[in-house]
Chemist: 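Let me begin by handing over the structure; questions about it come next.
Any value given below was found using the heavy atoms of this structure, including those in side chains, with hydrogens, waters and symmetry copies removed. Residues: numbered from 1 along the sequence shown. When a ligand or atom number is given, it counts from 1 through the structure's own listing order. Please read all numbers here as calculations on a predicted model, not as lab measurements.
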Amino acid sequence: MIKAIITDIEGTTSSISFVKEVLFPYAAQAFPGFLAAQWDDQAVREQVRAAEAESGQTLETPEQASALFQQWISEDRKATPLKSLQGMIWKHGYQNGDYTAHLYADTANALQNWKQQGLDLYVYSSGSIPAQKLFFGYSDGGDLTNLFSGYFDTTSGHKQAAQSYRNIQNAIGLPAENLLFLSDIEAELDAAAEAGFNTIRVDREGSQGSSKHPVVTSFDEIRLPQ
Ligand SMILES: CSCCC(=O)C(=O)COP(=O)(O)O
Ligand SMILES: [Mg+2]
């Protein structure tokens, strides 16, 4: 019986194009000014030091650090320091009303229905936890943060590693057989299944071909495994 649902964001609750064509370019454009203004901020410096460790580069100036983060954005690197700083930058965009987070038309209703049925809802995304809270706090469906019992990001591990799902299962405190993970990425679902999770592949465009996991094109099609 499913007691909790853990959902991915990009390509699952929301379009890939919103993340790649709105959020990523916004962060890439804002990085130089943000780092120049916040260079002495302790939380920012901590992430710059973590980026130095991950890249093996010395980042002595905001310009050097911006260049590295912009390169990582162009490569869609799921690096924790990049994701943390992106979250800080996106906060301004949400608060200024520059954008709201895209949700597919079925997402908010399905989440509300599941919650009403007594299921606990969680997010697992490569975006940082503060970025996830902003995403669902300033979404096209309004503030949905009250629906979620918790959030997981790359600090729980890489999304394609089974151990990450074991870490999440331990944090949620339910047996893996009671957990359902939703994602558009086969390798993420494979890792979750290896950890014993139920899995459903969300193929929003209906174009991803065969899968080892049950496939839906909309949350409305999801029938929870008993
Ligand atoms: C929290 S919104 C931004 C999502 C993001 O930065 C990203 O890399 C998408 O990763 P996901 O794991 O949701 O596919
Ligand atoms: Mg995804």
Chemist: Using only N, O or S atoms, tell me which atom of D8 is closest to the Mg ion (ligand 2).
Modeler: OD2

Chemist: Do Y151 and Y122 make the cut of ring centroids closer than 6.0 angstrom?
Modeler: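 For Y151 and Y122, the ring centres are not under 6.0 Å apart.
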
Chemist: Nearest N/O/S atom of D184 with respect to the Mg ion (ligand 2), by atom name, please.
Modeler: OD1

Chemist: Can you sort out the partners of F34 under ring-ring contact (aromatic ring centres under 6.0 Å, His included), two or more places apart, ordered by chain and number?
Modeler: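 By the ring-ring contact (aromatic ring centres under 6.0 Å, His included) rule, F34 matches no residue at all.
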
Chemist: Between F135 and Y138 (judged by ring centroids, cut-off 6.0 Å), do the two rings come close enough to count as a pair?
Modeler: no

Chemist: Mind jotting down which protein residues get a heavy-atom contact under 4.0 Å with ligand 1? Chain and number order, please.
Modeler: D8, I9, E10, F24, K78, K83, W90, S125, S126, G127, A131, Q132, F135, K159

Chemist: Would one find more than 12 heavy atoms of other residues, nucleotides or ligands at under 6.0 Å from atom NZ of K115?
Modeler: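 Enclosed.
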
Chemist: Consider only side-chain N and O atoms of E186 and S211, and report whether a donor and an acceptor are under 3.5 Å apart.
Modeler: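 Their side chains do contain a donor-acceptor pair, which is all the 3.5 Å distance test asks for.
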
Chemist: Got a sec: is E10 within less than 2.8 Å of the Mg ion (ligand 2) via an N/O/S atom?
Modeler: yes

Chemist: Quick one: list whatever passes ring-ring contact (aromatic ring centres under 6.0 Å, His included) with H213, sequence neighbours left out.
Modeler: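 For H213, no residue satisfies ring-ring contact (aromatic ring centres under 6.0 Å, His included) once neighbours in sequence are set aside.
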
Chemist: Not counting sequence neighbours, which residues clear ring-ring contact (aromatic ring centres under 6.0 Å, His included) with Y165? List them please.
Modeler: Y124, F181, F197

